[in-house]
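Notes for the one structure printed next.
So that the names make sense, note that chain A is the first sequence line, chain B the second, and so on, each numbered from 1.
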Amino acid sequence: MTVVTRFAPSPTGFLHVGGARTALYNWLFARRHGGKFLLRIEDTDTAREVPGAVDQILESLQWLGITADEAPVFQRQRESRHAEVARALVAAGKAYYAYETAEELQAMRERALKEGRPPRYDGAWRDRDPAEAPPGVPGAIRLKVPREGETVIEDLVQGTVRVANSQLDDMIILRSDGRPTYLHAVVVDDHDMGITHVIRGDDHLTNTFRQCQLYDALGWKRPAFAHIPLIHGQDGAKLSKRHGAVSVLEFRDQGYLPEAVANYLLRLGWGHGDIEVIGMAEAAAIFDLADVGRGAARFDYAKLLHLNGVWLRRADDERLVGETLPRLERRLGAAVGADVASRLRALMPGLKERARTLEELADSAVFLAHPIPLPFDPKAEALLTPAACTLLGELINSWQGTVWQPGPLEAAARAFAEARGVRLKDVAMPLRAALTGMTTSPPIFDVAAALGPAETRARIEAAIARAGQIAPGPAAP
RNA sequence: GUCCCGUUCGUCUAGAGGCCUAGGACUCGGCCCUUUCAAGGCCGCAACACGGGUUCGAAUCCCGUACGGGACGCCA
């Protein structure tokens, strides 16, 4: 049997991390078993549909690298099929028309709840003669479910789960306006699409009993089910906006890498020994539903941030340059030239080791793009004492003729410091301030090398001039 | 209210009766490395929800309690 899985979001909002993880597990499971992963948009509730949501969801999945093996199925386009199946069930005596109005049912539920009874449909029309139907009132179709016995599901994650049929009522499968309900549409579509494994959030676990009753009534083989726990926020409540970013695209915009988000989501609720850092290709080779945990997991932004740093360091330099350039332009409000791109490229190994997100990377690299005069951090400014400026002026002259690469520059600077009887630090820190306007940066001789001799000299001279203006010291000898 | 599910360090998890004085990762603290900051290395803090069984032996199996979550819609 070829495995076929699906992800079936409703276009009522953006793809959040919970949905993304569900999609990821479905995708990985299909990959693992050489099967297919399909996409179905559950758009039967037109009232709740959000414009643009479908595109957002598709874009999110694509960014994460979760690709469907066929074009998406839109549930709304299958309404006639859903109605046909429901009516066939009536014809077979396995479903019936019920004529209560939505208001009557609502009142019935409220009364039951108030009296401490479970809010279930009483089955009034189950055995009534259809001839008694009130004229002019369109009926809804309800499934005639067994009242005795129990419904049992073998869940790949939750294990055996059973419920007494007396707990379940005759659910509506076709609304009075002829549109299917979710429960019905899902069963018909999953069957028609040949879905073999339904992997979804465990908020659907109790729905599964009713879906199984539908499968049984239709005489269709039930797919395997796997209900994965929901993702909660730091406080244990269902993850929501107030916990921070929740939509996949937000993480992208905040400078997270898709492989890091996927890695984090994979590990959230799934474990495989001690491995933490894992790429999706590797995951596809070892992913198993048996390793999915049963308890809800809390979303930990700190761990995601750490993981993103790990993937950032592993990422290809050229790719990171491509990601950083537009972010630099956004910060400067201007286009950056080829000289900046080449500086960025040269310094990327040192830069990416110090950043955890693309945003941090851009923040730490923006000094490369700033025109002289550089903006100065107060702490950097404080380093440019008259004595330090004197040293810097001498250093740049001593570099005359030095091969403009990190190693030779550092060697020359060390020799220079020793000759002056100062520590390397006393030269390096003012140099860092002059070259970057900051007190932290990649190794400063790497920075000087990336900047090139002309820019390095210009920045040092500008820093000396600036220091002279702000705190005029003794006249230069 | 009824039904269903869950519960190992603060967080994500490893653990399938003896390998557990419970391992890894994140966070936090300390040290080392070091031109800064990171990265890296080393060390440390920190958990089997509770109570009963079963067993020579239980984090692992069973029952109950507590707590948490989910579902009960002509929403998905």
Might you list the N or O atoms of the protein lying below 3.5 Å from N or O atoms in nucleotides 17-22 of chain B, with each pair's distance?
none

Output every pair passing side-chain hydrogen bond (donor to acceptor under 3.5 Å, both in side chains) with a member in residues 421-437 of chain A, not counting sequence neighbours, ordered by first then second residue. A:Arg423-A:Asp426, A:Arg432-A:Ser441

Mind checking the P distance from B:C63 to B:G44? Whole angstroms is fine. 40 Å

Distance-only donor-acceptor hits, side chain of residues 404-411 of chain A, under 3.5 Å, sequence neighbours excluded:
residue  : atom : partner  : partner atom : Å
A:Trp404 : NE1  : A:Ala448 : O            : 2.9
A:Glu410 : OE2  : A:Arg414 : NE           : 3.0
A:Glu410 : OE2  : A:Arg414 : NH2          : 2.8

Under 3.5 Å for both donor-acceptor distances, Watson-Crick or wobble: does B:C72 have a partner, and if so which one? B:G1

Check the side chains of A:Tyr182 and A:Asn207 for a donor-acceptor pair under 3.5 angstrom, ignoring hydrogens and angles. no

Looking across every strand, which nucleic acid part, if any, lies under 4.0 Å from A:Gly269 by heavy atom: base, sugar-phosphate, or nothing? sugar-phosphate

Look through every strand shown and name the nucleotide pairing with B:C33 as Watson-Crick or G-U wobble, where both distances are under 3.5 Å. none

For B:C56, give its Watson-Crick or G-U wobble partner with both distances under 3.5 Å, or none. B:G18

Which base sits across from B:G44 as a Watson-Crick or G-U pair, both distances under 3.5 Å? B:C28

Does either side chain, that of A:Gln234 or that of A:Tyr301, offer a donor lying less than 3.5 Å from an acceptor on the other one? no

Could you give all pairs that pass the salt bridge (charged side-chain N to carboxylate O under 4.0 Å, His left out) test and reach residues 209-218 of chain A, with sequence neighbours left out? A:Asp169-A:Arg210, A:Asp216-A:Arg222

Any pair counted as salt bridge (charged side-chain N to carboxylate O under 4.0 Å, His left out), so long as it reaches residues 141-152 of chain A, sequence neighbours left out: A:Glu150-A:Arg162

Protein within reach of the bases, or only the backbone? For nucleotides 69-76 of chain B, mark each nucleotide 5' to 3' as B, S or -, using heavy atoms under 4.0 Å. SBSBSBBB

Test of understanding: with ring pair (Phe, Tyr, Trp, His ring centres under 6.0 Å), list the residues that count as partners of A:Tyr99, not counting sequence neighbours. A:Trp125

Holding to side chain to side chain contact (heavy atoms under 4.5 Å, CB included), I want the full list of residues that pass it with A:Asp43, two or more places apart in sequence or in another chain. A:Pro11, A:Ile41, A:Glu49, A:Phe74, A:Gln75, A:Arg76

Can you give one letter per nucleotide of nucleotides 60-67 of chain B, 5' to 3': B if a protein heavy atom sits under 4.0 Å from the base, S if only from the sugar-phosphate, - if neither? --------

Who pairs with A:Leu320 by side chain to side chain contact (heavy atoms under 4.5 Å, CB included), at least two apart in sequence or on another chain? A:Leu312, A:Ala315, A:Met348, A:Lys352, A:Leu358, A:Leu361

What does A:Arg294 touch in the nucleic acid at a heavy-atom separation under 4.0 angstrom: a base, only the sugar-phosphate, or nothing? sugar-phosphate

One character per nucleotide, please: for nucleotides 27-43 of chain B, 5' to 3', B when the base has a protein heavy atom closer than 4.0 Å, S when only the sugar-phosphate does, - otherwise. --------BBBBSS---

Under a 3.5 Å cut-off for both contacts, is B:C67 paired Watson-Crick or G-U wobble with anything, and if yes, with which nucleotide? B:G6

Classify the ring geometry of A:His82 against A:His184: parallel below 30°, tilted from 30° to 60°, perpendicular beyond 60°. perpendicular

Run the ring pair (Phe, Tyr, Trp, His ring centres under 6.0 Å) test against A:His191 and tell me which residues pass, sequence neighbours left out. A:Trp220

Tell me if the aromatic rings of A:Tyr256 and A:Tyr264 count as close, with their centers under 6.0 Å from one another. no

Assert yes or no for the condition that the ring centre distance of A:Phe29 to A:His197 is strictly below 6.0 Å. yes

